[in-house]
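Report on one structure; see the data block that follows.
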Amino acid sequence: MVTMGDVARLAGVSKMTVSNVVNNRAGVSDPVRRRVLEAIRESGYRVNVSARTLKSGRTGVIGLAVPDIEAAYFGHLASHVIGEARRRGFHVAVEESGADAGGEADAIARSRTLQFDGLILSAVELDRVDEPADARYPVVMLGEQDFGGRFDHVAMPNEEGAHAATAHLAGQGCRRIAIVTGGGLEGVNVVTRRYRGYRAALAERGLDVEPPLLFALDGMDMEAGRAAAHRLADSGREVDGVVAVTDTVALGVLRGLADRGLRVPEDVRVAGFDDIPAAAYAVPSLTTVAPDHRWMAATAVELVTRRIAAPLRPTGQYVAPFELVIRESSR
């Protein structure tokens, strides 16, 4: 059986250095870390997770549950969470919860069964009435729900961001600003919060908030955005600005408007939300609300690791800062 000492001799370092690399601790230079990892691969060394767990009471693993792994935004978020957790000596296990309360509650139960040290959950449907029985387990929530102070909660600046995007289009001279968003405008979720920000910005400027300017989506992907843009163009309605509920939807809107011969921004100005990497590379590049994703990940990881280290009461809600990144689609 290969031991940590065998790896240390093969790599020419101390056992403590090998332990630091295995546990992803800071303080090891990149060349030394690579040398140790190569020695681990060559030797076939395997960490005895059960022994480590018995000794420390921890596995060194944080769960991250998101509704849809394929969605660009959640992939972007996961990358930041993994990086922040690594800096604190934790690994991250990512899973898809689905956009329903049952799947989200299951993600909490599963993370306990798998002995994760804690969980960061991006919740779409789970609310405070679905609180798990053991509230002592470290869980940090992301999302739009109101958890009544029962969980640490890192939230998006949904209303503020949508307000800023709409106000920017109005400032560019748009007077008939449509919104392309999800169809369900009930409850508390990303759709309703961003719609509220859109309506508030229009009302402040004395612009019409009309049902004909609402284009509801069948899904939240690019094809749904493209189909909504087709309906917008084919309706004959005079629209000179579009706020899309997400960048993914906005990219579909750009394509759908181009399909119908409408130029962006000459005929219609477009703004999205999330600042996913593809937004900067679209043609034209997309104006978007850019929440501080790194701040959100760092805050969520800090909160969950703080609760892993010591049982603490939730400390409240933290709303991410944001900026409006103005690009060609809205100028």
Side-chain angles (χ1 to χ4, degrees), residues 24 49 53 58-156 158 182 187-191 193 219-221 246 248 274 276 291 293-308 312 314 317-320:
N24 214 14
V49 176
T53 302
R58 301 175 190 163
T59 61
V61 178
I62 296 170
L64 172 64
V66 298
D68 182 1
I69 292 172
E70 291 188 356
Y73 165 73
F74 290 116
H76 191 48
L77 175 67
S79 176
H80 284 303
V81 169
I82 290 168
E84 293 294 337
R86 183 181 295 123
R87 278 186 277 278
R88 296 171 182 269
F90 285 86
H91 298 280
V92 176
V94 183
E95 70 166 302
E96 186 173 88
S97 61
D100 64 85
E104 291 162 358
D106 287 347
I108 297 175
R110 192 159 44 247
S111 68
R112 289 176 54 81
T113 301
L114 294 172
Q115 295 186 314
F116 295 165
D117 294 334
L119 176 69
I120 298 172
L121 172 61
S122 182
V124 176
E125 294 293 337
L126 194 72
D127 61 26
R128 58 179 143 181
V129 302
D130 299 304
E131 180 184 6
D134 187 358
R136 295 170 299 174
Y137 181 64
V139 176
V140 172
M141 293 292 192
L142 307 176
E144 289 68 43
Q145 297 296 331
D146 176 8
F147 299 104
R150 301 190 183 190
F151 296 98
D152 287 317
H153 179 204
V154 181
M156 278 276 227
N158 289 295
V188 178
N189 52 57
V190 65
V191 169
R193 288 193 183 277
M220 295 283 275
D221 55 17
T246 68
T248 299
D274 289 334
I276 62 175
H293 301 291
R294 189 176 299 280
W295 182 94
M296 291 181 67
T299 302
V301 171
E302 178 186 355
L303 289 167
V304 76
T305 54
R306 189 190 301 168
R307 294 198 68 204
I308 289 168
L312 298 169
Q317 184 184 82
Y318 304 80
V319 180

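The shown structure was predicted, so the numbers you read here are calculated from the model rather than taken from an experiment. Note that these values count all heavy atoms, side chains included, but never hydrogens, waters or copies made by symmetry.
Formation of a donor-acceptor pair under 3.5 Å by the Glu104 side chain with backbone atoms of Ala123 is not found in this model. Between the side chain of Asp117 and the main chain of Gly60, a donor-acceptor pair closer than 3.5 Å is present. The main-chain N or O of Val191 is found under 3.5 Å from a side-chain atom of Asn189 such that the two form a donor-acceptor pair.
The shortest heavy-atom contact between Trp295 and Ala320 is CZ3-CA, 3.3 Å. Here the shortest heavy-atom pairing between Pro138 and Val304 reads O-CG2, 3.9 Å. Pro67 and Glu96 make their closest contact through O-CG, 3.2 Å (heavy atoms, listed as atom of the first residue, atom of the second, distance). The nearest pair of heavy atoms linking Gly143 to His153 is O-NE2, 2.7 Å. The two residues Ala300 and Val140 make their nearest non-hydrogen contact at O-CG2, 3.9 Å.
Here Glu302 pairs with Arg306 under the salt bridge (Lys or Arg N to Asp or Glu O under 4.0 Å) rule; sequence neighbours left out. Applying the side chain to side chain donor-acceptor pair (under 3.5 Å) criterion to Arg294, with sequence neighbours excluded, gives no partner residue. In terms of the side-chain contact (heavy atoms from CB on, under 4.5 Å) criterion, residue partners of Ala78 (sequence neighbours excluded) are, by chain and number, Leu64. Residues satisfying the side-chain contact (heavy atoms from CB on, under 4.5 Å) criterion with Ala109, sequence neighbours excluded, are absent altogether. Legend: residues meeting side-chain contact (heavy atoms from CB on, under 4.5 Å) with Ala298, ordered by chain and number and at least two apart, are Glu84. Not counting sequence neighbours, the partners of Ala65 by the side-chain contact (heavy atoms from CB on, under 4.5 Å) test are Glu95, Ser97, Ala107, Leu119, Leu121. Residues passing the ring-ring contact (aromatic ring centres under 6.0 Å, His included) test with His293 are Tyr73, His76, sequence neighbours excluded. Partners of Ser111 according to the side chain to side chain donor-acceptor pair (under 3.5 Å) rule, which considers only residues two or more places apart in sequence or in another chain, are Tyr137.
Side chains of Arg307 and Leu303 form no contact here, defined as non-hydrogen atoms less than 4.5 Å apart. Side-chain atoms of Leu77 and Leu142, non-hydrogen and from C-beta on, do get closer than 4.5 Å to each other. Looking at Ile308 and Ile62, their side chains come closer than 4.5 Å, going by heavy atoms from C-beta outward.
For the salt bridge (charged side-chain N to carboxylate O under 4.0 Å, His left out) condition, no pair includes a residue of residues 59-80, sequence neighbours left out.
The structure places CZ of Phe116 at 7.5 Å from OG1 of Thr59, a figure rounded to the nearest 0.5 Å. Between the CD1 atom in Ile276 and the OG1 atom in Thr246 there is a gap of 7.0 Å [rounded to 0.5 Å]. With rounding to the nearest 0.5 Å, the separation of CD1 in Ile108 from OG1 in Thr113 is 12.0 Å.
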